Amino acid sequence: VGQSAIAIGNPYGEAGSMSLGIISGKDRSFSDNRSSQLGSHFTSADILQTEVPINPGNSGGPLHNLSGQVIGINRAIATENGAGSGVGYAIPSNAVAEIVPVLIRDGHFTYPYFGMSSAPEITLQVARLLGLQQTDGVYVASVVAGGPAAQAGLRGDSATSNDTQLHSDADLIIAVDGQTVHTFGDLISYIDYHKHPGDAVRLTVLRHSERVDLTITLGARPEN
């Protein structure tokens with residue numbers, strides 16, 4: 001964070017244009033365009049946040065450091081007015097190095113799949129309401145029936161479509177394969193870039209203040 005960054009692309013058709021800024025955040029999560037079986041969107045993790053202007057025509061171009069090394073691929077900008085002023089996002093080069101060789105070899109990349117969705121990051125107020133002892137971790141909002149998470153016994157919140165309140169009966173994921181998990185982005189980043197469909201991972205969850213270990217065999221992310 002704070003490192004200078006340069007975006008090169010074709011904003012508004014102006015070929016080979018260069019824009020300068022800094023990396024303003026790391027390990028961000030970004031919603032994918034594709035929906036999951038739970039109706040929510042799949043999540044991309046480990047995303048770089050940058051103040052470099054990302055205009056239409058910049059997406060797909062490289063994000064460099066001042067040494068000319070590619071540190072990311074420009075992806076999108078979050079803006080209220082549709083212009084290039086806002087929060088820019090780039091796919092990190094580590095993800096590109098993992099995914100692109102598979103795309104070249106096989107023509108497609110299959111992401112591992114949990115079959116669960118997470119509630120937003122836990123605030124102190126929500127932690128108190130749920131009786132949680134900590135705000136770090138991934139609160140399981142729901143699990144896909146028959147999916148990898150459900151088969152492993154992971155528990156989601158019992159709220160119904162008519163009940164918008166969170167309940168205290170869901171699992172709070174606090175570690176994966178022994179590594180502490182602070183946010184949903186931590187979990188997805190580890191799974192997407194270090195694991196493959198068919199791999200087993202060990203989740204440590206808090207269930208009514210009791211630590212429980214669950215082994216989940218990852219599936220393949222559904223195509224539709």
Side-chain angles (χ1 to χ4, degrees), residues 1-36 40-114 117-118 121 176 179 181-197 199 218 220-224:
V1 173
Q3 177 180 342
S4 296
I6 297 169
I8 297 178
N10 307 324
Y12 299 107
E14 298 294 343
S17 296
M18 182 179 78
S19 302
L20 177 66
I22 64 168
I23 298 297
S24 47
K26 295 173 59 180
D27 303 321
R28 302 304 194 211
S29 298
F30 197 87
S31 293
D32 202 315
N33 291 327
R34 294 173 53 231
S35 299
S36 71
S40 57
H41 290 274
F42 290 116
T43 301
S44 298
D46 211 24
I47 299 295
L48 298 175
Q49 177 187 334
T50 178
E51 67 163 19
V52 178
I54 307 294
N55 290 292
N58 277 119
S59 296
L63 187 70
H64 293 275
N65 61 19
L66 293 186
S67 298
Q69 297 170 310
V70 176
I71 58 175
I73 300 296
N74 302 316
R75 174 173 177 179
I77 188 168
T79 176
E80 294 183 353
N81 57 17
S85 59
V87 179
Y89 297 100
I91 301 169
S93 56
N94 288 345
V96 176
E98 175 76 16
I99 295 170
V100 168
V102 179
L103 289 175
I104 293 172
R105 185 189 70 216
D106 301 334
H108 67 278
F109 181 87
T110 302
Y111 285 93
Y113 176 65
F114 255 114
S117 67
S118 168
E121 294 183 12
V176 54
Q179 300 185 32
V181 169
H182 298 286
T183 66
F184 187 54
D186 293 340
L187 177 64
I188 294 301
S189 177
Y190 176 78
I191 296 300
D192 280 357
Y193 305 136
H194 297 89
K195 295 295 179 178
H196 303 89
D199 288 348
L218 299 171
R221 181 186 291 185
E223 294 296 327
N224 297 312

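This is a predicted model, so every value here is computed, not measured.
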*Of all heavy-atom pairs between Leu20 and Pro53, which one has the smallest distance, and what is that distance?*
O-CD, 4.2 Å
_Is the ring pair Tyr111/Phe109 parallel, tilted or perpendicular, if the boundaries are 30 and 60 degrees?_
perpendicular
_For a quick test of reading the model, state the closest non-hydrogen atom pair linking Gln179 to Tyr190 and the distance between them._
NE2-CE1, 3.3 Å
*Drop me the distance from Leu48's CG to Leu63's CG, to the nearest 0.5 angstrom.*
7.0 Å
*Kindly compute the distance separating OG (Ser67) from CD (Gln3), expressed to the nearest 0.5 Å.*
8.0 Å
*asked:* Would you compute the distance between atom OH of Tyr193 and atom CD1 of Ile99 and round it to the nearest 0.5 angstrom?
replied: 5.0 Å
*So which heavy atom on Ile47 is nearest to which on Arg75, and how close?*
CD1-NH1, 4.4 Å
*Could you walk me through whether Lys26 and Val1 pass the side-chain contact (heavy atoms from CB on, under 4.5 Å) test, one step at a time?*
CA-CA 7 Å; Lys26 295 173 59 180; Val1 173; 4.2 Å; yes
*Any idea which heavy atoms bring Val52 and Ala7 closest together, and the distance?*
CG1-CB, 3.4 Å
*Which distance, rounded to the nearest 0.5 Å, do you find between the CG of Asn55 and the OG of Ser17?*
9.0 Å
_Closest non-hydrogen atom pair between Ile191 and Pro112, with its separation_ = O-CG, 3.3 Å
*For Val70 and Ser93, which heavy atoms make the closest approach, and how far apart are they?*
O-CB, 3.4 Å
